Each structure stands twice: as C-alpha cells, then as structure tokens.
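Bear in mind that the values here come from a model prediction, so they are computed numbers and not experimental data. Here, residue 1 is the first one in the sequence, and each next residue gets the next number.
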Amino acid sequence: MVELSVELSWAETTPLSRIYAAGRHGVKEHDAGLTMAEQTGFELVQVMARRGQWSATDQACKEAYGASAPAKPHAVVAQGALLVWSGPDQFLVLSPRGDGLERARLTFAGMASLSEQSDGRSLLRISGQRSRDMLAKVCSLDLHPAVFPQWAAAATSIDHTSVNLWRSTDRDGAAVFHLLVFATFAESLWHTLLDSGAEYGVTIDAPGAWQA
C-alpha cells in the first residue's frame, strides 16, 4: 500500500481580493477627486443587549472600553476599539485583529448576545474632496457636515445594499467615510462606487490594516 501525503496551502484573502487593483481609475486629466481603499486586519463583533439589559451593557462597556456604548447613531472612539451604533440597543465593536471576540465575550457575558462577523464583512475607506459628491449619487442620506458631522453613523443602504456608514476625519481634518458591507455584496458595491466616482478620478490605494 502506498501512503499519500497531502499538504494544504492556505492564502489569506479578503472579500475584494479577486477584483482589487490598486492604481488610478476613471478620468486622468486632473488630480483624483477621491481615494478608496479596502481596510483589513480587523475583528468585528455585534453586541445586542438582551431585553432590559441595556443599562448593564452600557456600564460593562464603560468599564472594559472606557467609553459609553453608542445609544444613538454615532461612533465612539474607545480603548483599542471603535464602537459603532447599528440599531436600537445594539452596536458593533471594531478592533484590530487579536482578542476582540474574547474581550467582548468576557465583557458582555450574560447581558448581551454576540455575533462575530470579522470574516463576513468588508470595510471600505473613502476620502477626498469629491467623496461626498460621489456618495450622494448612491446614498439617500444627507452627508453634509452640518447634519452628518464627524463620528455620525448610520445603518442605511447604498444601491440596495445594506451598509453601516460613519464619518471620521484625517490628519488634515478632511472628511473620511467608512462603509461596512456584508462580504457577499462587497464586489457589487465596489463596482458601483468606482463607477460613481469615475468622473472625479479615483485613486485606489493598496489595502491597509485598520487601526482604531
């Protein structure tokens, strides 16, 4: 009898790996009006407070993450994580790849249900002076800073695709939009965004690790 030895080789991929191509997209006659990139290397846990347990969940969040759980549509910068509102009595804990799930389990045991979604979501980063113009084509939200300021967040849809959307700023104070989409819809949404931004010129950065 001949014994066969099989070695398996695993390559880490992301929801956009198959179609992702860094470089310039759209018109090239002028400087790019926006920049897009896929963010990688994160852990994502959805925390859903059980009935009557929101106050306890909020207190546990303060003790473990140094910040209140978001009770309204906004994102909160916490210790080693970003807390993003995702609906009544629920929020997302976004943290660098590591012990995010275990940390959440220990923090919210007995008071909240958890859903680990790290590999089931794609995280996109959009910046540049024409980023809001591009998003206005495909998103029904008013993203003007007067009504959607820094750290505002929403659970909405873009081109019939459900997304979690929030706004931050870069080092120069310019707006940055973050889109979290289910992995199975990531390619479709990516194509939609590229088509919408083509007239402004798009720079596609190499994928980068997300940082809190």
Side-chain angles (χ1 to χ4, degrees), residues 6-28 31-46 75 80-84 86 91-104 114-128 130-132 134-135 137-139 153-168 170-171 174-212:
V6 178
E7 294 185 3
L8 299 178
S9 177
W10 302 95
E12 184 175 349
T13 63
T14 71
L16 293 176
S17 292
R18 191 177 67 86
I19 63 169
Y20 203 90
R24 186 66 183 264
H25 178 83
V27 298
K28 299 178 174 62
D31 292 342
L34 62 142
T35 299
M36 293 172 48
E38 183 180 28
Q39 302 285 273
T40 61
F42 61 86
E43 285 193 33
L44 183 70
V45 180
Q46 184 165 25
L82 186 70
L83 313 176
V84 184
S86 59
F91 58 97
L92 300 164
V93 179
L94 183 64
S95 58
R97 184 76 72 174
D99 62 351
L101 177 59
E102 187 61 25
R103 184 183 183 190
L114 306 181
S115 175
E116 200 276 332
Q117 300 182 13
S118 306
D119 296 322
R121 298 287 194 111
S122 178
L123 179 59
L124 311 181
R125 183 183 191 275
I126 303 172
S127 60
R130 303 308 297 267
S131 56
R132 185 159 61 90
M134 181 270 282
L135 288 170
K137 296 181 180 183
V138 293
C139 179
T156 185
S157 64
I158 292 181
D159 193 37
H160 308 292
T161 301
S162 296
V163 300
N164 293 95
L165 168 67
W166 66 94
R167 178 180 186 152
S168 68
D170 62 18
R171 294 178 179 179
V176 179
F177 295 96
H178 306 267
L179 278 63
L180 193 62
V181 59
F182 286 104
T184 50
F185 298 106
E187 287 192 10
S188 175
L189 179 62
W190 184 256
H191 285 305
T192 295
L193 295 175
L194 286 181
D195 289 346
S196 299
E199 67 170 301
Y200 310 120
V202 182
T203 296
I204 303 174
D205 282 345
W210 181 87
Q211 294 182 343

task: Check whether any side-chain heavy atom of Arg125 lies under 4.5 Å from a side-chain heavy atom of Asp170, and answer yes or no.
output: yes

task: Return the minimal non-hydrogen interatomic distance between Gly197 and Leu34, and the atom names on each side.
output: O-CD2, 4.0 Å

field: For Ile204 against Ala21, the heavy-atom pair lying closest together
entry: CD1-O, 3.5 Å

message: Can you confirm whether more than 12 heavy atoms, excluding those of Phe185, are under 6.0 Å from its CZ atom?
response: no

- prompt: Considering all heavy atoms of both residues, which atom of Ala37 and which atom of Asp205 are nearest to each other, and what is their separation?
  reply: CB-CB, 3.9 Å

message: Tell me if a side-chain donor or acceptor on Tyr20 pairs with a main-chain N or O of Glu38 at a distance below 3.5 Å.
response: yes

- line: So NE2 of His25 and CE of Met36: to nearest 0.5 Å the spacing works out to 8.5 Å

message: Treating Glu43 as the side-chain partner and Leu101 as the backbone partner, does any N or O pair qualify as donor plus acceptor under 3.5 Å?
response: yes

task: Taking the side chain as every heavy atom from C-beta outward, state whether Glu187 and Leu16 have any pair of such atoms under 4.5 Å apart.
output: yes

field: Between CG on residue Leu189 and NE2 on residue His160, distance to nearest 0.5 Å
entry: 12.5 Å

- line: When every non-hydrogen atom of Gln46 is compared with those of Ser86, the smallest separation belongs to NE2-OG, 3.3 Å

message: For a 4.5 angstrom cut-off between non-hydrogen side-chain atoms, does Leu124 reach Val163?
response: no

statement: To the nearest 0.5 Å, atom CG of Asp195 lies from atom OG1 of Thr192 at 6.5 Å

message: A side-chain contact here means heavy atoms from C-beta on lying under 4.5 Å apart; do Trp190 and Val181 qualify?
response: no

Gap separating the OG atom of Ser188 from the CD1 atom of Ile19, nearest 0.5 angstrom: 9.0 Å

Test item: Asp99 side-chain N/O and Arg103 main-chain N/O as donor-acceptor pair under 3.5 Å: no

query: Where is the tightest heavy-atom contact between Tyr200 and Ser196, given as atom of each residue plus distance?
result: CE1-O, 3.9 Å

- prompt: At their closest point, which heavy atom of Gly80 faces which heavy atom of Ser95, and how far apart are they?
  reply: O-CB, 3.5 Å

field: Residue pair Leu180 / Trp166, side-chain heavy-atom distance below 4.5 Å
entry: yes

message: I'd like to check Arg121 versus Phe182 (side-chain heavy atoms, cut-off strictly below 4.5 Å). Are they in contact?
response: yes

message: As an exercise, state the distance from OG1 of Thr156 to CG of Leu165, rounded to the nearest 0.5 Å.
response: 7.0 Å

query: Rounded to the nearest 0.5 Å, how far does CZ of Arg167 lie from OG of Ser127?
result: 12.0 Å

Sidechain-backbone polar pair: Arg97 side chain, Gly100 backbone, donor-acceptor under 3.5 Å: no

message: Are Leu193 and Leu179 packed together at the side-chain level, in the sense that at least one heavy-atom pair is separated by less than 4.5 angstrom?
response: yes

- prompt: Going by atom types only, do Glu116 and Ser118 share a side-chain donor-acceptor pair under 3.5 Å?
  reply: yes

Heavy-atom side-chain contact between Trp210 and Leu94 under 4.5 Å: yes

